[in-house]
Amino acid sequence: MKYKEYKGINYAEVADEVLEFWKKNDIFNKSVDQKEGAETFMFFEGPPSANGVPGIHHVMGRAIKDIFCRYKTQKGFQVKRKAGWDTHGLPVELGVEKELGITKEDIGKKISVEDYNDACRKAVMKYTDIWNDLTEKMGYWVDMKDPYITYKPKYMESVWWLLKQIFDKGLIYKGYSIQPYSPKAGTGLSSNEVNQPGAYQDVTDTTVIGQFKAIPETVPSSLNISEDLYLLAWTTTPWTLPSNTALTVGPKIDYVVVKTFNQYTFEPIQVVLAKSLVAKQFAGKKFNQVEGVAELDSYSKGDKQIPYYIATECKGADLIGIRYEQLLPFALPYENSENAFRVIGGDFVTTEDGTGIVHTAPTFGADDAMAAKQAKPEIPPMLVKDEDDNLVPLVDLQGRFRPEVGEFAGMYVKNEYYNEGEAPDKSVDVQIAIRLKEENKAFKVEKYVHSYPHCWRTDKPILYYPLDSWFIKVTDKNDRMYDLNTTINWKPESTGTGRFGNWLQNANDWNLSRSRYWGIPLPIWKSEDGKELKMIGSLAELKEEIQKSIAAGFMDSDIYSDFVVGDMSEENYDKVDLHKNIVDQITLVSETGKPMRRESDLIDVWFDSGSMPYAQWHYPFENKEAVDDGLKTADFIAEGVDQTRGWFYTLHAIATMVFDGVAYKNVVSNGLVLDKNGQKMSKRLGNAVDPFTTLSKYGPDATRWYMISNANPWDNLKFDLEGVAEVQRRFFGTFFNTYNFFALYANLDGFDFKEQAIPIEKRTESDRWIISKLNSLTKKVDDAFNDYEPTKAARLIQDFVIDDLSNWYVRLNRKRFWKGEYNEDKKSAYQSLYTCLLTVAKLGAPIAPFFLDKVYGHLNEVSGQEEHDSVHLSKFPEADESLIDEELEARMEMAQKVSSLVHSLRKKEKLKVRQPLSKIMIPVMNENTVDRVKAVEELILTEVNIKAVELIDDTSGVLVKSIKPNFKKLGKQYGPRMKDISKAIAGFSADDISQIEKENKYALDLGDTIIELTLEDVLIASEDIPGWLVASEGGLTVALDINITDDLKKEGIARDIVNRVQNLRKDNGLEVQDRIKIQISSEDSIVTESVKQFEEYLCIETQANNLLVVDNLADGEELDIDDLKIQVKIEVN
RNA sequence: GGGCUUAUAGCUCAGCUGGUUAGAGCGCUACACUGAUAAUGUAGAGGUCCGAGGUUCGAGUCCCCGUAAGCCCA
């Protein structure tokens, strides 16, 4: 059995082979099944929607998921991971509408809801094949055979159950939310409909800056106001002014009080507005800023210019709490009217337009409603009781003012809503403006052109209007959600504490209602008068209720008659459908015998996906115990940071509300994948990277490794294919080369590692070093994975492979592999390298699952050391701390530094490495260094081709030392005196240095005080040896003897000859093991002497059986070594 | 407007609780090496550590205010 040797490698092909291997041997299932009984590591898959094609960012997200699942599998856990599909929701519906060429209006008319839902069901799984293909090709292991699908009856039943739990806790209520509404069409519009092209049109509206008169007692004394104060608030919808219940300011915004005169009534006023908007509101010829209050007195009614004077300044926060007189007192809010008409704070206030004070009408503005809710106490909306005792806004569903609104009662709030020819000359907005002007309540009235959304059907302006919605009272649970969140390990932490934590504290109630067709229907049936409700939590319950309804005569038959309660088989559940088109046929009967119809809305799809911890197991109807015992809590989830308020939130909310627990313990929120210029990828810009071409060109391993190693998952990734290529070349190329090198010689020597491992203490220094490094690496990589830091892990592994293993260990030990007989030393080298390769394969397998499985397979195939078919079934390496020798690692580092310094000196002097030199000198300051250098002396000598290392200590007297303060130590002690100390130490003479060295103390005179220094307070280094060629770095100094003796020269020549002969061998296509015969001639005696002197060396190195020096070699190869002419001829012997 | 993130060499990124010459890889330039060779080594050029202020004996690192980009929210 031989290790597989490669001529070249195509990583994508390797991946294909491995994929085949996995399939054939069922490796994924084995990796789960073999762990039966082991501790479970629960992973939840955030379901993608399969009605779009996957992009390169999905490779990123799924790589992260996969890495930790594979890692935990190797760590001995049983990692269950079910795939899932998110199948409901607006994008699906819109896609289908587009495909069928219909609009929402047509549903139920041109196409039945049933047919429409069928179309959605088909559309949603349209791209599943492509998704499955990507999943496979990128090596994402997830159970795709048994995914959870949100439109399946079992899933939907669980969702109903969850909702009912929440309902039973009293956390579900019916309220209203401000939505775009078309009075003429009588329907709400989705934000998507509003955002359709053409919906926004420029309109000219009458705008008013109202003067809201502050109630003097509530104005903070700090403002130092004596006369009446008016708050200025701007609105483009004056018809909402009767519904005003608050004014909102930005707490951090600067405001000013301005003394001036009203331009319509000419009465003196003082007004408040944002400082930065003064210029805008007092612009033009009409106003004139004055510097003193006195100048205002000269104003008289009718003057061309109105003077204004800026009196005081304050922050928005200072204004909060001021109460004001209602501007248009037609009605009072039915509830808590005492809390209305206050100044509150809001984040949404800007100073781009208006006055920096926002007129707030919670019944007609989403922002307004939000700010009102968040104020403490809450600002009540302007809702009054109608004839049926229902709370309604001052504008009815047709868009007309209710009777309460005095002279405006019955008028449409927009002239556009009147029938052709019936609109009054002066719109409501204009009439209101006129009234306000007359009452000294309008600071300014202007026409204003802005873009305003219109109903795409009626082409009339929309209203933002409070529409009925079902809510979950999340606000009751915010504190609990916040507390539970502190137990979740977020990567990065800031997303958890900041983005998510802040959101949790301020989250509003969850609006569940969606007026759509393809989704999970709200399982709420309501009597016509709205007084009786039924919330259904299971199919069994529904069937029972249907029976009652049949008995009451509201239904003819049970539409689920085929369904057998309690039968959990797929066949049984396939008989039912819980979608809107079916359940809307159901009429139930109330406790008092009244008919109940279903509330027509669907549940927000985010509730679907947030239910997956339970619904994927059809909890609690099946798997109840297992789920209760832990299947409902993920150990790990990972999604994009954009899911913070999406899936991460809904999971957390549902888990908190229903189970008072967390849905996940660890969560990685990854950033975006941008193009190489940092631009968002989009089809439109044409900069989107196709995952399939990338995978097929570079293979999944390099793609994954690049994504993970390049940036932390939570940072945005600038995806550059060049980078993938670099990873492939640098990391995979190096690792592959190292493996191939190993395979080549191990095969020649028949190394199969079936023998006992050579005890570590019997191996060479460099073997022990690389093993020590390997164990350090193992520990660090394990820690990194365990901390959900894949980037650290990847970088550690690649640094080890490139720097330690390949560029140092293999380079230094190359000869041990191909020279000499198969002895213990050689075995030791093979074993060490084998262990490194195998361990790296295991450590890196979670990130590069294909290629490293291949390498693992090749290694293990020969050695048979492990009984696993795949690295993914193997155990993650455990660091053996007893093999970690920090001292050894430190001295090897010293060897590397010394070598590097010598190389650089040689370079400077143009002395090639093949030319041996007699010695280097290293100044050593302490015993520790002496020991270190001695231990690695041999290594250094071979590496830099030097004959001897000479250690120079103090006694030599040739060292020139430098001294500097140990800032870290002295700084803590002497703080402010550091400058003086530093200066004094810099002035140390050689005698001073030797004094502190000898006596370990030094009295430093700072002029006013004397401080005692010990050796630990300073750093002494030797940076020069006068008269020698010296290089220095990081406290380490090396001097090189560059004298070349005749013997050295000859040896150099011999090495050059070896080199050239090796080249000839290669040029002539000789195999490594071919023996040769060499003939050499040269006119230079030094060459022939060299050959004679180093005959044995030459033969060994070049695998020559004999070596002849001849006088004349006409057919030989002409060599030119440092101007020496040599002819050489080689023949296979 | 708010929350969060990011900003260090031409590019991609390190930089530990603050400690005095800010690093790596890629790219570029030059040289070397040549039985791992579609590799490798050494050296060089390349930095206002986004800007301004502050704390400190000392700031890339801590604080404050900005700027720019990104995400989410409004």
Side-chain angles (χ1 to χ4, degrees), chain A residues 8-9 250-253 346-352 356 366-367 370-371 492 494-503 506 640-646 669 671-672 674 676-680 706 709-712 714-718 720 722-723 725-727 729-731 733-734 736-742 744-745 791-792 795 798-799 802-803 806-807 810-811 814-815 817-819 899-908 910-914 964-972 974-982 1033-1034 1058-1060 1062-1063 1065-1066 1070-1072 1101-1103:
Chain A
I9 186 161
K252 289 181 186 169
I253 297 174
D347 290 339
F348 61 91
V349 179
T350 73
T351 53
E352 279 162 25
D367 277 346
M370 181 95 61
S494 60
T495 299
T497 54
R499 192 186 271 229
F500 195 60
N502 293 344
W503 163 255
N506 302 313
V641 69
D642 53 336
Q643 292 296 333
T644 309
R645 287 163 196 196
S669 74
L672 266 67
L674 308 169
K676 62 179 173 182
N677 300 316
Q679 298 289 311
K680 215 173 160 178
Y706 164 72
S709 67
N710 189 61
N712 279 313
W714 36 90
D715 290 330
N716 288 347
L717 172 70
K718 290 180 193 160
D720 187 356
E722 297 273 326
E726 187 185 320
V727 162
R729 257 201 329 269
R730 212 171 125 67
F731 172 64
T734 305
F736 165 73
N737 267 335
T738 307
Y739 163 78
N740 223 20
F741 170 85
F742 166 83
L744 176 67
Y745 293 109
T791 308
K792 266 187 194 159
R795 287 176 180 172
Q798 81 187 27
D799 286 349
I802 295 167
D803 296 336
S806 172
N807 289 351
V810 172
R811 194 158 52 81
R814 229 158 29 197
K815 285 194 178 152
F817 292 92
W818 51 261
K819 210 168 128 181
S899 303
S900 162
L901 288 170
V902 176
H903 278 304
S904 106
L905 286 171
R906 276 179 172 275
K907 158 82 193 157
K908 246 178 234 163
K910 296 199 188 302
L911 292 166
K912 53 189 174 188
V913 178
R914 267 199 302 270
K964 65 178 181 181
N966 182 346
F967 281 95
K968 201 163 184 170
K969 185 164 183 302
L970 285 174
K972 285 206 175 76
Y974 296 107
R977 300 308 307 263
M978 278 311 288
K979 277 209 171 112
D980 300 328
I981 296 172
S982 174
E1033 188 210 322
V1058 168
N1059 166 246
R1060 306 305 151 103
Q1062 299 287 33
N1063 284 348
R1065 283 183 61 116
K1066 215 172 150 194
L1070 299 191
E1071 293 297 321
V1072 173
E1101 291 292 322
T1102 60
Q1103 311 264 0

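What you see is a predicted model, and the numbers here were worked out from it, not measured in a lab.
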Given the [atom1] atoms of [N] and [M], what is the spacing between them in whole Å?
N       : M       : atom1 : answer
rG54(B) : rC65(B) : C1'   : 10 Å
rA68(B) : rG60(B) : P     : 25 Å
rC57(B) : rC11(B) : P     : 37 Å
rG2(B)  : rC16(B) : P     : 30 Å
rG25(B) : rA45(B) : P     : 15 Å
rC49(B) : rU56(B) : P     : 22 Å
rU8(B)  : rC50(B) : P     : 6 Å
rU48(B) : rA9(B)  : P     : 8 Å

Check: [X] side chain, [Y] main-chain N or O, donor-acceptor pair, under 3.5 Å:
X       : Y       : result
N716(A) : L672(A) : yes
Y745(A) : R814(A) : no
D720(A) : E722(A) : yes

**Message:** Under 3.5 Å for both pairing distances: what stems, at least three Watson-Crick or G-U pairs long, include RNA chain B?
**Reply:**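 Stems (3+ consecutive pairs) listed as B:1-7 with B:67-73, B:10-13 with B:23-26, B:28-32 with B:40-44.
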**Request:** Could you check whether the rings of Y739(A) and F742(A) sit parallel, tilted or perpendicular, using 30° and 60° as the cut-offs?
**Result:**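 The arrangement is tilted - the two ring planes meet at 30° to 60°.
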**Asked** Per the atom types in the model, does the base of rA36(B) pair as donor or acceptor with the side chain of T734(A) at under 3.5 Å?
**Response**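 Under the 3.5 Å cut-off, the side chain and the base do not form any donor-acceptor pair.
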**Message:** Suppose we call a contact any N or O donor and acceptor under 3.5 Å apart; does that hold for the side chain of R499(A) and the base of rC71(B)?
**Reply:**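 Result: at least one qualifying N/O pair found.
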At 4.0 Å (heavy atoms only), tell me whether [X] reaches a base, stays on the sugar-phosphate, or touches nothing.
X       : answer
S982(A) : nothing
G250(A) : nothing
D980(A) : nothing
T644(A) : nothing
R811(A) : base

Round to the nearest Å and state the distance from [X] atom [atom1] to [N] atom [atom2].
X        : N       : atom1 : atom2 : value
N966(A)  : rG19(B) : CG    : C1'   : 8 Å
N502(A)  : rU5(B)  : CG    : C1'   : 13 Å
N740(A)  : rU37(B) : CG    : P     : 7 Å
R1060(A) : rA32(B) : CZ    : P     : 11 Å
E726(A)  : rA24(B) : CD    : P     : 15 Å

Heteroatom pairs (N/O) under 3.5 angstrom, protein to nucleotides 10-18 of chain B:
residue, atom, partner, partner atom, Å
rU12(B), OP1, K718(A), NZ, 3.2
rU12(B), O2', N710(A), OD1, 2.1
rU12(B), O2', N710(A), ND2, 3.1
rC13(B), O3', R795(A), NH2, 3.2
rC13(B), O2', R795(A), NH1, 3.4
rC13(B), O2', R795(A), NH2, 2.9
rA14(B), O5', R795(A), NH1, 3.2

**Prompt:** Taking for each residue the nucleotide of RNA chain B with the nearest heavy atom, is it V641(A) or R730(A) whose nucleotide lies nearer the 5' end?
**Reply:**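 On the 5' side of the pair lies R730(A).
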**Prompt:** On RNA chain B, nearest-nucleotide positions of K979(A) versus N807(A): which is more 5'?
**Reply:**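 Checking each residue's closest nucleotide, the 5'-ward one belongs to N807(A).
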